[in-house]
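To start, the structure itself, in structure tokens.
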Amino acid sequence: FSIKVSLLFLKYDNLGWVDAVWDFEFTETEPLDAAIVIKNGSKEFKTLYSLLLPYMTDTESVWTVFGDNGVSVKSLVAVLSYFILGGKSKTASVQQRISALQASSLYLLLLGIPGSVVNKMFHQILFDTCLNTVSNCWPQSLVKKRKKDTLKSSQADGKRSKPHRKDNDEEQEEEVHLSPQDLLKIREGVVLLVKSLLRLLLKFPLKDEPQSADNCVQMFAKLTNFEPVIGELTFGAGQDIDDMRTMPELAYYGLWLLCSSNHGDEKSLRRVFHRVLYVILMMSKGESGKPSLMMATQAVLAARDQAIGFVSHVVDELKEPALPFLRILLQHISFRMVDKTDYRTHGAQAVAKLLAKMPCGDYASFIKWLFDYSRQAKVAYRMFALDVSMALLEQPEREANENLDAELVSFLSHRFLVHNMVFGRRSDASPTVRGHALTCLAQCLDLPSMNATRSIKELFPTSESLSHTYIYICMYVHMHKAPNTSSKDTMALLKHRVSDPKTNVRKCALQAMMGLLKHNVIMLSEENLAVLSERTRDPALSVKKKALQCLMDLLAAHPENSLVQKAWLRGVVPAVVDAESSVQEKALECLEQTILSQVKSHGSYSYRDAQQTLTWDLLGLLCDNCQDLGRYFSRAFTVWSKQNKFTAAFINNLISHTEAEHATGAWLLLSKVASSCPRLDYGKILDAWDDLVRSKNVTVTTSCHILCVIGDIGEHLNEDTKSRIVEDIITWLKSFDMPLEVISASVETLCRLGKAEAVSDTQVTFLNQHCGELVSLCEAYLSSVILNENGAQNLNEDLVVKHLYTLGVASLHCPSKVGKRIVLLVQSVLTSSVEQQSEGSEELAGSQPLSQFKASSMPSSVRAHAVITLGKLCLQHEELTRKYLPAFARELELCSELAVRSNVVVVMCDLCVRYTNMVDRYVPNVSACLRDKEPLIRKQTLTMLTNLLQEEYVKWKGSLFFRFIAVLVDSDPTIASLCEYCLVHLLLKKNPVMFSQHFIECIFHFNSYEKHKTYNNFPQTASEKAKFSLKGAQNKERRFTIYRFLLVHFTDAQRFNITIKISQNILACFVDGELPLDGDGAAVLAETFGILSLKEIKLSALSGAAGAGGDEPQEDEQMAMAKAVMQVAQKKVVSQVQKKVFIESMIPIIINLKSMLEQKRSPVLKDLMGYLQLTMQDYRSEVKEFFAADEQLAVELEYNLKMYEKEKEQEMEAQMAHFTVSVCKRENMKKCLTQCQLSKFLQATYPIHNLIIVPLHHTSPSLSLRSWAPLPLLLPTGSSKRALPRPSPSPPATEASSPKDLSSQTGTALSCIQAQCFRTYLLGFLLGKCVFIEDRTPGCSDDATLRCSA
């Protein structure tokens, strides 16, 4: 050994060089003399290392050997530092890197030999340099490749990254190439260094060197994902270092050693957990800067699982001392979790696994903290709390032990997680959280935990109330009872979420609804199922697809339920004609999977086969209760025929069912595919036709389908067969004993058989012959009934209807056979004039309604069918249309029969398509039916007018728009909802400016004001004006409902322009005297100021709604801050423009108008001042600037504004005398605050400018000053909830500071809310715009929620 040492170091006696190295504290060295040359490189270090290794355990001192051989420890350390620093450069060669690693290992080995402290071997800088040797020597190119698997910091930060500029040195560094053999050698050096460090940590305490201990932890943390590990890691204290082969295994053993008290007290465990935190979060943490997120690859996930296993091992070994640090670790995971779905899920699983290591008391305490954390202001926190709750629900429920505090027992149950953590977020202010809460609610039903399922069923009981979970504080009028949250309210809320404004919330609500129905938590009723089927027509594409998927899942869960089958058909089949091609494809896929692909031959059918049974059940419904879906179903077969979906095997399987128990469904499918399949078994089809002719038991639906198939195969039949079928059909039709549907199908089949003729002249002859014969028979019968004096006495109503119906459908195919006599006969059915009309009677007076010749003796159903028949006759004869249109119009106004008026609307709308210009003048008569007393006619008129407007057969002329928009306030909410859908999703997309074009005229029209020279001057009858008038105070709310609806769908540009137009076209007209300020004028003027005061007319850029559009994105703090800065800048620019326009356009008019109103002492002055008060709130300090033209007026206006506010306060205080505060508890106990107590409360509030609200605890039924605590207040802002700013929670400890317990940092209550805010809140309450107030203060009772409702 001495020979080896002397060869290496004894010949080097340059003490000046050694002293210089020590003086520079090993930061840099001069080159060694040429005398010190290691010829064999690393072999010399290996030899020396193997010689020194036994001295770590031997009693013989190596320091004595050094002394005896004249080896200076100082020189030895200096020479080793030279080699260590040699590998620090990025351009170091392979040999330099290996030498640096081996020299570092040798230095660490010397530190572990007893006596190193006495010989002053330890130097902190050199020790830290040795630790950094691993990162310095391992090639950075591999690190860069690994970083490609990490998410770019620019993506995490939400900003665009700048291109990295490289200099020449960096380009040269990247050219360094290392072979696989070189990498293996370097890895061996790294392993040797780490094992040397582990041996050192076993003997050398770092308690007095905290910085070095931190560096050790940092190095080991980096090595945990140095390389993958096959199998699972085992963590134990008794492991042999020499037996460890993988780097993560060595790293975790080093971290375990650093957890001991030898390397620090409690700080050692804290620093280890702090570094392991980033491994669990799947982040890469450098020496400085923000941690970067790593892509969730298999290697990263494996490293995360190893870190969780290590923490679990530490807690199992250390027991009680580790629990506080485990709690801090879990809190840091919660606060540092990124808002990305995959990472949140993995993080929640980590929290759940680590929580399993906590005893019941600590577990319950952490759940309590988590509940407070779930009510934080930051959306990401509330989202993560939901994920953690779901992960905990997957674990077995904890059982409370005897020593557990009674207040913490409730936090152990799954019921608390479901009710408070998951379902409690159902009404969160953030749509992202609302939607995620509903998704989690649905997922709870699929968990193996019965407790979770039972807890959800408690939320939807049949009769029990849910009010035992919460305490409510409500303000209500004396005669009203306290609100009660029951299962009905819960279902109503869930259905409300299905129609939420946010797309994501609607999708999640659908998932929740489907889960509840699937697991029979709620009833499978038509009402509940309709919620799913209706969402297939949602405006959002993703919601429609989600609804289709939910229906498929529900059908798979309940294939035998007829209500589910019907809802599935109602949702899926109409989606075939959806405007979005992807929705069409999804619907076709569902139909093909459920119906088309399940058609097997009758021989292989078994009722035990659920799929085949379901298919025939669905087809049976399509033939029975869902016949109205036939045209959508036909569209699916049109698409499939182009895709050649109908194979010969499919057709044969289908035909095999035509004579079996599923014949109805088989003929339905066959009627859809026959036209696309020329090769059919005509024999079986003709046999079925013969059975149909002979039998009287064939259903109407099946008969129609067989007739359809006959029409499809007509061109493939020979003449004899075709003639026989035509004869059968004619005989059938002449009997007039078939249902109307079969008559229509028979005539259609007859015409298709006639069109199969090769020559067009032959076709006309065929149709004139057979259809003309039917027309003659109908004419003869109607003549016998109408022209015969005794014909009407024994009237067969059903037979007359069938003759009228046959006449209508047959006349469409032979218009030349329709004579004047036939028209007069049909007219006579409607009129029955006093003097019997003959063939040569005069033409009907165009202005007379058909029913005014005489009160018709015909039944209502006969007259209704006569209207349809007359309409079909008019379709073929323009002169008849011109003659009867006035009569139809008068019939709409004067006829009292529902069926007749309904059919007249249908006829006139059909005629509008054929004779658009002719019917245009009668559109007001049709639109007047929007105010019909019958909901059916109003709904039908609305639908048909929408279709005509979409196809531009009708224009927005005259009063049509105002009549259409008035349906928004229809007494039937379903009709009002349909009108809103038609306007927003159908008509507004076609004409985006139609709302803004008609807005000002709406003000005059709905107030029935006709004195303006431009607006509301279109012709209307007195009855029409009375129908659509919304004039008067009793209709004010209905008018403003319309105004708000229109303004909500304005763009900012339209809102800006409409404000200017209102001032120019309404306010200026009153100032200039163009409009008189009489009673009607005052009402219009007051309403105008009311409109200008609406929050909906404010620009979204100023009201903050601009950032609220669409679904809330998941963004980090920097992106949110940048977005907020942009919104502030935008708001400032828009505000300046609006301010300029307000000063130039509005102020002069307002000043003159105020002066005029004061002179006339008009009550409208109050509305003007109210408008000014709301407008000047944003410019209160600039009142004098705005009204600089008249300083006296500015002073008066400012004074008037103050007086107005004072009057409002007095009015509010007077109203407060009619209210009490009531407390409702789970025991249904009630305590009322008297007016005096409330007054004292207000008096105590105003002087100190603090708002104090009382959360009532379960154990204190009476009010006490001790229970008063400050709470955050949500001010009334219309439909949205906006909280006043509140201090954000203290952030977790940074890297520079030690982690701290965050138990008390979940949020602090708002310390000061000024009295003005409270007055505004109470004013909003009195105006009926109060919003919910939730207690989000962690210090308050966890089982308490504050609410206020009118």
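Residues take their numbers from the sequence shown, with the count starting at 1. Because the structure is predicted, anything quoted here is derived from the model rather than measured.
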Report the C-alpha distance between Phe964 and Leu942 in whole Å, list the side-chain angles of each, state the deciding distance to 0.1 Å, and finish with yes or no for side chain to side chain contact (heavy atoms under 4.5 Å, CB included).
CA-CA 8 Å; Phe964 203 104; Leu942 179 68; 3.3 Å; yes
Does the pair Arg821 and Glu779 meet the rule for a salt bridge (charged side-chain N to carboxylate O under 4.0 Å, His left out), with working shown?
CA-CA 8 Å; Arg821 176 185 173 88; Glu779 178 184 356; 3.2 Å; yes
Could you walk me through whether Thr702 and Thr699 pass side-chain hydrogen bond (donor to acceptor under 3.5 Å, both in side chains), step by step?
CA-CA 5 Å; Thr702 304; Thr699 63; 2.8 Å; yes
Run the side chain to side chain contact (heavy atoms under 4.5 Å, CB included) check on Leu740 and His865 step by step: do they pass?
CA-CA 11 Å; Leu740 301 183; His865 279 88; 3.5 Å; yes
Would you sort out whether Met918 and Glu878 count as a side chain to side chain contact (heavy atoms under 4.5 Å, CB included), showing the intermediate values?
CA-CA 9 Å; Met918 192 184 303; Glu878 185 175 352; 3.5 Å; yes
Intermediate values then yes/no, side chain to side chain contact (heavy atoms under 4.5 Å, CB included), Leu669 and Phe637
CA-CA 9 Å; Leu669 289 182; Phe637 285 87; 3.3 Å; yes
Could you walk me through whether Lys1027 and Glu1024 pass salt bridge (charged side-chain N to carboxylate O under 4.0 Å, His left out), step by step?
CA-CA 5 Å; Lys1027 275 185 178 181; Glu1024 290 175 341; over 6 Å; no
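Distance check: Thr536 OG1 to Asp578 CG gives 8.0 Å after rounding to the nearest 0.5 Å. Distance check: Cys704 SG to Glu741 CD gives 6.5 Å after rounding to the nearest 0.5 Å. In this structure, the separation between OG on Ser784 and CG on Leu825 is 9.5 Å, given to the nearest 0.5 Å. In this structure, CG on Leu873 lies 7.0 Å from CG on Leu880, to the nearest 0.5 angstrom. Met908 CE to Asn903 CG: the interatomic distance, rounded to the nearest 0.5 Å, is 13.5 Å. If you take CD1 on Ile725 and CG on Leu686, they are separated by 5.5 Å, rounding to the nearest 0.5 Å.
Residues Tyr884 and Gln827 form a side-chain contact, since some pair of their non-hydrogen atoms from C-beta on lies under 4.5 Å apart. Phe646 places a side-chain heavy atom less than 4.5 Å from the side chain of Leu596. For the pair Leu945 and Leu960, the minimum side-chain heavy-atom distance is below 4.5 Å. Counting heavy atoms from C-beta outward, Trp616 and Tyr605 have side chains that approach closer than 4.5 Å. Between Trp689 and Leu707, the closest side-chain pair of non-hydrogen atoms falls below 4.5 Å. A 4.5 Å side-chain heavy-atom check between Ile975 and Pro935 finds at least one atom pair inside the cut-off. Proximity of Thr881 to Phe888: side-chain heavy atoms (C-beta onward) are nowhere separated by under 4.5 Å. The side-chain heavy atoms of Ser634 and Ser671, taken from C-beta on, include no pair separated by under 4.5 Å.
Summarising the geometry of Leu753 relative to Gly714, their closest heavy-atom pair is CD2-CA, 3.7 Å, with the distance given to 0.1 Å. When all heavy atoms are compared, the tightest approach of Asn768 to His813 is OD1-O, 4.4 Å. Pairing each heavy atom of Val747 with each of Val809, the nearest pair is CG2-CG2, 3.8 Å. Between Val573 and Leu591, the shortest heavy-atom distance links the atoms CG2-CD2, 4.1 Å. Nearest heavy-atom pair across Val775 and Ala810 is CG2-CB, 4.1 Å.
The residues Asp617 and Lys566 are annotated as not salt-bridged, no charged nitrogen and carboxylate oxygen being separated by less than 4.0 angstrom. Residues Arg863 and Glu891 are paired through a salt bridge, judged by an N-O separation under 4.0 Å between the basic side chain and the carboxylate. A salt bridge links Arg882 and Glu879; the closest N-O separation between the charged side-chain nitrogens and carboxylate oxygens is under 4.0 Å. Here Lys684 does not pair with Glu659 in a salt bridge; the nearest charged N to carboxylate O distance is not below 4.0 Å.
Between the side chain of Glu526 and the backbone N or O of Leu563, no donor-acceptor pair lies under 3.5 Å. Put simply, the side chain of Arg901 never gets that close to the backbone of Leu892: no donor and acceptor are under 3.5 Å apart. Checking side-chain atoms of Arg931 against main-chain N and O of Phe1028 turns up no donor-acceptor pair under 3.5 Å. Listed for the Arg938 side chain is a donor-acceptor partner under 3.5 Å among the backbone atoms of Asp932. Gln627 contributes a side-chain N or O that, together with a main-chain N or O of Cys623, makes up a donor-acceptor pair within less than 3.5 Å. Side chain of Thr615 to main chain of Thr594: a donor-acceptor pair is present (N/O by atom type, distance under 3.5 Å, no hydrogens or angles). Side-chain atoms of Thr869 come within 3.5 Å of backbone N or O of Leu804 as a donor-acceptor pair. A donor-acceptor pair under 3.5 Å links the side-chain atoms of Thr943 to the main chain of Lys939, judged by distance alone.
Ser1023 and Thr1021 are linked by a side-chain donor-acceptor pair at a separation below 3.5 angstrom, with hydrogens and angles left out of the test. Using a 3.5 Å distance cut-off with no hydrogens or angles, the side chains of Gln876 and Ser811 do not pair a donor with an acceptor. In summary, the side chains of Ser656 and Asn653 do not present any donor paired with an acceptor at a separation below 3.5 Å, with no hydrogens or angles considered. No hydrogens or angles considered: a donor-acceptor pair under 3.5 Å links the side chains of Thr721 and Asn718. For the residue pair Thr974 and Ser977, no side-chain donor N or O sits within less than 3.5 Å of a side-chain acceptor on the partner.
The number of heavy atoms from other shown groups lying within 6.0 Å of CD (Glu560) is above 12.
Sorted by first and then second residue, the pairs that involve residues 724-733 and meet salt bridge (charged side-chain N to carboxylate O under 4.0 Å, His left out), not counting sequence neighbours, are Asp690-Arg724.
Using a 30° and 60° split on the angle between ring planes, Phe736 and His803 fall in the parallel class, below 30°.
By the 6.0 Å and 45° rule, Lys872 stacks over the aromatic ring of Tyr805.
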